[in-house]
Amino acid sequence: MGKIFNYLGFVIFFYSEDHTPIHVHVRKNKRESKFEFHYTNGILKLVVKKIKSKKPLTEPEIKKVKTFLSRNDKAILQCWTDFFVLNKKPKFVIINKIIK
């Protein structure tokens with residue numbers, strides 16, 4: 001598992017056997033959702049997916065996470081490339097300040 005961020009208690013990570021499309025898993029407490037990164041003409045669209053046998057994040061949690069991910073998409077794409085293409089362990093960053 002490649003952990004990349006802890007944002008206000010949300011752990012944002014990749015599974016080591018993950019696949020495209022580029023996405024992250026986000027876990028808080030016992031809930032987890034997947035966020036796929038889709039770009040059209042350079043514009044990011046985050047698509048939230050439920051994970052089989054996991055309780056999904058709540059709607060307010062999803063909103064907070066989407067804001068964070070959209071503000072940090074370039075860093076996340078670099079982590080994906082480092083992890084899956086270059087086989088580098090990502091740096092784990094803890095953020096305890098709300099990003100709006």
Side-chain angles (χ1 to χ4, degrees):
M1 179 186 324
K3 291 183 189 177
I4 56 175
F5 290 105
N6 182 319
Y7 173 62
L8 303 174
F10 295 97
V11 179
I12 300 166
F13 63 97
F14 310 121
Y15 284 110
S16 58
E17 298 89 26
D18 260 342
H19 49 80
T20 55
I22 294 173
H23 65 278
V24 293
H25 292 260
V26 180
R27 181 182 302 147
K28 186 167 186 178
N29 300 321
K30 294 182 179 185
R31 294 180 304 281
E32 183 177 330
S33 295
K34 181 169 81 168
F35 293 75
E36 294 180 351
F37 290 68
H38 296 273
Y39 290 89
T40 304
N41 298 322
I43 298 171
L44 171 64
K45 179 180 179 189
L46 290 166
V47 178
V48 183
K49 302 280 184 155
K50 291 182 179 180
I51 299 170
K52 189 176 181 179
S53 75
K54 303 271 184 177
K55 285 185 178 182
L57 297 175
T58 65
E59 285 303 316
E61 290 172 329
I62 287 170
K63 185 177 178 181
K64 282 182 190 175
V65 170
K66 278 185 163 184
T67 298
F68 177 80
L69 296 178
S70 66
R71 301 277 193 282
N72 292 281
D73 65 318
K74 289 175 183 52
I76 293 165
L77 294 176
Q78 185 61 56
C79 288
W80 178 278
T81 301
D82 289 349
F83 191 73
F84 290 104
V85 177
L86 303 175
N87 297 311
K88 291 182 184 178
K89 184 176 179 179
K91 182 179 176 184
F92 181 62
V93 178
I94 298 172
I95 300 169
N96 292 315
K97 183 178 174 182
I98 294 175
I99 294 178
K100 294 182 180 187

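Just the heavy atoms: all of them, side chains too, but no hydrogens, waters or symmetry mates, feed the values below. The shown structure was predicted, so the numbers you read here are calculated from the model rather than taken from an experiment.
When Ile51, Thr58, Val48 are each tested for a side chain to side chain contact (heavy atoms under 4.5 Å, CB included) with Ser33, only one passes: Val48. The one candidate from Val11, Val93, Ile12 that meets the side chain to side chain contact (heavy atoms under 4.5 Å, CB included) condition with Lys3 is Val11.
Centroid-to-centroid, the aromatic rings of Phe84 and Phe14 come within less than 6.0 Å.
Under the 4.5 Å side-chain heavy-atom criterion for ILVMFWY residues, no single connected hydrophobic cluster contains both Leu44 and Val47. Side-chain heavy atoms closer than 4.5 Å link hydrophobic residues (I, L, V, M, F, W, Y) into clusters, and following such links, possibly through other members, connects Phe35 to Leu77. Cluster annotation: Ile95 and Leu57 are assigned to the same hydrophobic cluster (Ile/Leu/Val/Met/Phe/Trp/Tyr, side-chain heavy-atom contacts under 4.5 Å, transitive).
Ring geometry for His25 versus Tyr15: interplanar angle over 60°, hence perpendicular rather than tilted (30 to 60°). The aromatic rings of Tyr7 and Phe68 sit parallel to each other, their planes meeting at less than 30°, with 60° as the upper class boundary.
For Lys34 and Glu36, the salt-bridge test passes: some basic side-chain N is under 4.0 Å from an acidic carboxylate O. The pair Lys55-Glu32 does not meet the salt-bridge criterion, since no charged nitrogen lies less than 4.0 angstrom from a carboxylate oxygen.
Environment of CD1 in Ile98: sparse, with no more than 12 heavy atoms of neighbouring residues, nucleotides or ligands closer than 6.0 Å. By the 6.0 Å contact criterion, NZ on Lys28 is enclosed, its count of non-hydrogen atoms from other residues, nucleotides or ligands being greater than 12.
Taking OG of Ser70 as the start and CD1 of Ile76 as the end, the distance is 9.0 Å to the nearest 0.5 Å. Atom NZ of Lys64 and atom CZ of Phe10 lie 5.5 Å apart (nearest 0.5 Å). Taken to the nearest 0.5 Å, the CD1 atom of Ile22 stands 6.0 Å off from the OG1 atom of Thr81.
Between Trp80 and His23 the shortest side-chain heavy-atom distance falls below 4.5 Å. Within the 4.5 Å cutoff, the side chain of Pro56 has no heavy atoms near those of the Arg31 side chain.
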Can you check side-chain contact (heavy atoms from CB on, under 4.5 Å) on Ile4 and Phe92, steps first, answer last? CA-CA 4 Å; Ile4 56 175; Phe92 181 62; 5.7 Å; no
Can you check side-chain contact (heavy atoms from CB on, under 4.5 Å) on Val24 and Phe13, steps first, answer last? CA-CA 6 Å; Val24 293; Phe13 63 97; over 6 Å; no
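Donor-acceptor pairing under 3.5 Å is recorded for the side chains of Asp73 and Tyr39.
At least one donor-acceptor pair closer than 3.5 Å links the side chain of Asn6 to the backbone N or O of Gly9.
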